[in-house]
Amino acid sequence: MADRTINLDVYRYNPDVDARPYFDRYELPFRHGMTVLDSLFDVLEKKDGSLAFRYSCREAICGACAMFVNGHYVLACQTQVDSLKTDNITVSPLPHLKVIKDLVVDMTPFWNNYKAIMPYLVQRAETQEKENIQSPEDRKRIDKMVDCVLCSSCYSSCPATWTGNRQFLGPSAMQKAARFAFDTRDAKHGERVDLVSTEAGLFRCHAAFNCMEACPKDIPVSEAIHALKRASMARRLGIGRK
Ligand code: SF4
Ligand code: FES
């Protein structure tokens, strides 16, 4: 079989020295099993050591390598080059987020929003001294929500975050709020729902559904947000859970 070459167009931008972003093209030999992240390592190690990108686990569980590849949000470490069905690959940073350098974006607003939703389980008093048991059925209800790897693809894809309102909690933080609010082991359902029932939270979500499309973990983000909206309404009507 003839040697196969891939053409990698990579977004480059160093705000300290570049007037504007540009793309660099790298021609790389393809190898079986190669991921997009592998191709970036090939660039880094063999072509240009100044290329900046994030990664950590290389197993699709840390979310650090989220990027925009050929027009899709992906985790670079789990995306096989072969799966792209083309040898012309364009790699860009997550859109609508401030670029620090090349493929590295500023995640500060994302993490600030995450911190704001109390992102940890609060034990009920009666379970503090013993095992906090959950039935398989109750766990199943939050199964998909638990899968979130905090990659921020949904946040980057959401039109409500593009409008300059960085106060908007964004889809990821709200789906994480749902993950705890609907966890039967948690003691703070009502407080969590109230926390996101704000102009900058649930009511700024206009259900564009971009988040569902973007999520590389196939999490039904909009559904989680809508479940919170229903819980919020129930509380306002005085029939919601505490
Ligand atoms: S919901 Fe999906 S897209 Fe959003 S941060 Fe979690 S894993 Fe990433
Ligand atoms: S490096 Fe952790 S998700 Fe890709």
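Nothing here was measured: the structure is a model prediction, and the numbers come from that model. Atoms within a ligand are numbered from 1 in the order they appear, just like the ligands themselves.
Excluding water, every protein N/O/S atom under 2.8 Å from atom 4 (Fe) of ligand 1 is given here by residue and atom: C154 SG.
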Residue pair M34, F41: steps toward the side-chain contact (heavy atoms from CB on, under 4.5 Å) verdict: CA-CA 11 Å; M34 185 183 211; F41 271 110; over 6 Å; no
side-chain contact (heavy atoms from CB on, under 4.5 Å) evaluation trace for V91 with F53: CA-CA 11 Å; V91 185; F53 55 93; over 6 Å; no
Intermediate values then yes/no, side-chain contact (heavy atoms from CB on, under 4.5 Å), N70 and K85: CA-CA 11 Å; N70 284 3; K85 307 287 183 217; over 6 Å; no
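Against a heavy-atom cut-off of under 4.0 Å, C57 is close to the following atoms of ligand 2: 1 (S), 2 (Fe), 3 (S). Under a 4.0 Å criterion applied to the non-hydrogen atoms of C62, ligand 2 contributes the atoms 1 (S), 2 (Fe), 3 (S). Short contacts between ligand 2 and C77, defined as distances under 4.0 Å to a heavy atom of the residue, involve ligand atoms 1 (S), 3 (S), 4 (Fe).
In this structure, Y13 has its ring center no closer than 6.0 Å to that of Y22.
In this structure, R58 pairs ionically with D38, as a charged nitrogen and a carboxylate oxygen lie closer than 4.0 Å. Residues D48 and R12 are paired through a salt bridge, judged by an N-O separation under 4.0 Å between the basic side chain and the carboxylate. A salt bridge is absent between D183 and R192: the closest approach of a Lys/Arg side-chain nitrogen to an acidic carboxylate oxygen does not fall below 4.0 angstrom.
Distance from atom 1 (S) of ligand 2 to its nearest protein heavy atom, with residue and atom name: R58 N, 3.1 Å. Nearest protein heavy-atom neighbour of atom 3 (S) of ligand 2: G63 N, 3.2 Å. Atom 4 (Fe) of ligand 2 has its closest protein heavy atom at C65 SG, 2.2 Å.
The part of S56 lying near ligand 2 is the backbone, judged by heavy-atom distances below 4.0 Å. Contact annotation for A60 and ligand 2: only backbone heavy atoms (N, CA, C, O) come within less than 4.0 Å of the ligand. In I61, the part holding a heavy atom less than 4.0 Å from any atom of ligand 2 is the backbone.
Checking T5 against E27 by side-chain atom types alone, no donor-acceptor pair falls below 3.5 Å.
Checked against salt bridge (Lys or Arg N to Asp or Glu O under 4.0 Å), E126 has the following partners two or more places apart in sequence or in another chain: R124.
A donor-acceptor contact shorter than 3.5 Å is absent between the side chain of K217 and the backbone of K144.
Aromatic ring pairs are classed by plane angle as parallel below 30°, tilted from 30° to 60° and perpendicular above 60°; the pair W162 and H96 is parallel.
Contact analysis puts P216 in contact with ligand 1, with a non-hydrogen atom separation below 4.0 angstrom.
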